[in-house]
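A quick write-up on the structure given underneath.
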Amino acid sequence: MSLWGQEGRALRQRAVNRVIQARFVLGAAAFVTALVLSTQASWWLSFIVLMFVLLAVVALSATLPRNDNPVVSPMNDPAIFRLSGQQLAAQLPDPLIIFDHEGTILYVNPAANGAFGPLARGGALLLHFRAPELQAMVQSVMADSAARSVDYAERVPVERWYRATVLLLDQAGGSDRQYLLSFRDQTEAHRLERMRSDFIANASHELRTPLASLTGFIETLRGPARNDEAARENFLEIMQKQAERMARLIDDLLSLSRIEMKAHIAVKDEVDLTAVINHVADSLRPLADEVGVEIERNIDPDPINVLGDRDELIQVFQNLIENACKYGQSGKKIIIGLKRNGEGIKATVQDFGPGIPDEHIPRLTERFYRINLETSRAQKGTGLGLAIVKHILTRHRARLIVRSRVGEGSTFTVVFGLQKI
Ligand SMILES: Nc1ncnc2c1ncn2[C@@H]1O[C@H](COP(=O)(O)OP(=O)(O)OP(=O)(O)O)[C@@H](O)[C@H]1O
Ligand SMILES: [Mg+2]
């Protein structure tokens, strides 16, 4: 520390203040010393030396470190001062292992035993963790004492992803060295990342298929079919359908992203569900007629109000009724119901088509999930409809329940909790 720097200046100021504060004590000391020494011959010399020493002691006392820590009562004493390192490690949610210079396990916290265990004290760390990347990291840290991290995956019993870090615990030499191996669970982040890349792969694949077909027809029209009037008409019609399919897919993707962005904004408009469902059923009449399905309504005439976004709720029932018409058309009939009882509001769309096998039901709301790709494509489906429904219902604090029996049909129920409007 330099006496002429910023800190030095503060120190000098403190020393001067200390002398000023002690001026009365210094005065009294000078008076008494002069009185005591006045009997000697060269008393003034001793007096000056003594006063100089006294002044130095007072000034220097200002430079001694002050205890800035407030006195803490046991009531507000932070737990970290009371607990031992082992007690703290035992409470950490992240797995943590301490091992020595030979890789022998010295301590395992309960989180590590839960995640990888049981791990015995005295066991060999590298016999338990055999992943090459982890072994290489442990050996490198033992060699040069520099902390390192790697990504590490446990595949059994369920796949889990961790960021593992090894560091030297203290600077003790040789055989006293101890190392800390800690794990941070990254499974959720990994799952989201995988979902994101699957989504991009699916979306590009869905767009690439019609695009490849369009490119193929353009080449044929410019080449072999250049002068074939009949083929041209036929190809242009197919091209138009493919272009429409791409436009539908992009609309659905945009719709999904808009709804995701609004997910945390609460809905606050009052919407009459009776009117919404009747409106959607009316607008889908042409589709129902086209596929030979009769729409039966079991809807109370009175308005049933919920807090919601009208356009989004229209989208929900449009997809559910459209699905019932498209995929349940063999049942020839669908029943749309709306009821309010003591527990809440239930809207149902029931069809009598082929039904949905149990194993598909939990996955229906995944993006691009289709039970039968060809049937869905033939029905101009993108596989995004129920994913959009799920997002909209989450924003509306409502649930989608799917019940189905193969060969008998399916019922999609939207349940709104009771709301105070
Ligand atoms: N009522 C139903 N009966 C039988 N299968 C159904 C029914 N509703 C949905 N499915 C199945 O669930 C899949 C996903 O439906 P979803 O509405 O998400 O997509 P889509 O209808 O294929 O496309 P989009 O709704 O975007 O036009 C459908 O492809 C179909 O296989
Ligand atoms: Mg659909």
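Atoms within each ligand, like the ligands themselves, are counted from 1 in listed order. Values in this document were obtained by computation on a predicted structure and should not be read as measured data.
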Flag the pair [X] and [Y] as a salt bridge only when some basic side-chain nitrogen lies within less than 4.0 angstrom of an acidic carboxylate oxygen.
X	Y	result
Asp185	Arg160	yes
Lys262	Asp309	yes
Glu206	Arg370	yes
Lys390	Glu366	no
Lys333	Glu296	yes
Glu188	Arg191	yes
Arg163	Asp151	yes
Arg248	Glu244	no

Below a 4.0 angstrom heavy-atom separation, can you tell me which part of [X], side chain or backbone, both or neither, approaches ligand 1?
X	value
Thr365	neither
Val389	neither
Ile356	side chain
Lys326	side chain

Metal-centred angle, OD1 of Asn319 through the Mg ion (ligand 2) to OD1 of Asn323, rounded to 10 degrees
100°
Starting from [atom], locate the nearest protein heavy atom and write down its residue, its atom name and how far away it is, to 0.1 Å.
atom	value
atom 3 (N) of ligand 1	Tyr327 CB, 3.6 Å
atom 31 (O) of ligand 1	Ile371 N, 3.1 Å
atom 17 (O) of ligand 1	Asn323 ND2, 2.8 Å
atom 1 (N) of ligand 1	Asp351 OD2, 2.8 Å

[X] and [Y]: side-chain donor and acceptor closer than 3.5 Å?
X	Y	result
Asp252	Thr382	yes
Asn278	Arg297	yes
Arg177	Ser145	yes
Glu270	Asn305	yes

Of the listed options Asn319, Thr382, Leu249, closest to atom 23 (O) of ligand 1 (non-hydrogen atoms):
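Selected option, by shortest heavy-atom distance: Thr382.
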From Leu386, Ile361, Thr411, Val406 - option closest to atom 15 (O) of ligand 1 by heavy atom
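Of the listed residues, Leu386 has the closest heavy atom.
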For [X], counting its heavy atoms only, list the atoms of ligand 1 lying under 4.0 Å from any of them.
X	answer
Asp252	26 (O)
Gly383	18 (O), 19 (O), 20 (P), 22 (O), 23 (O), 24 (P), 26 (O)
Tyr369	13 (C), 14 (C)
Leu364	12 (O)

Does an N or O anywhere in [X] fall below 3.5 Å from an N or O of ligand 1?
X	answer
Ala387	no
Arg370	no
Glu322	no

Within 2.8 Å of the Mg ion (ligand 2), is there any N, O or S atom belonging to Thr382?
no
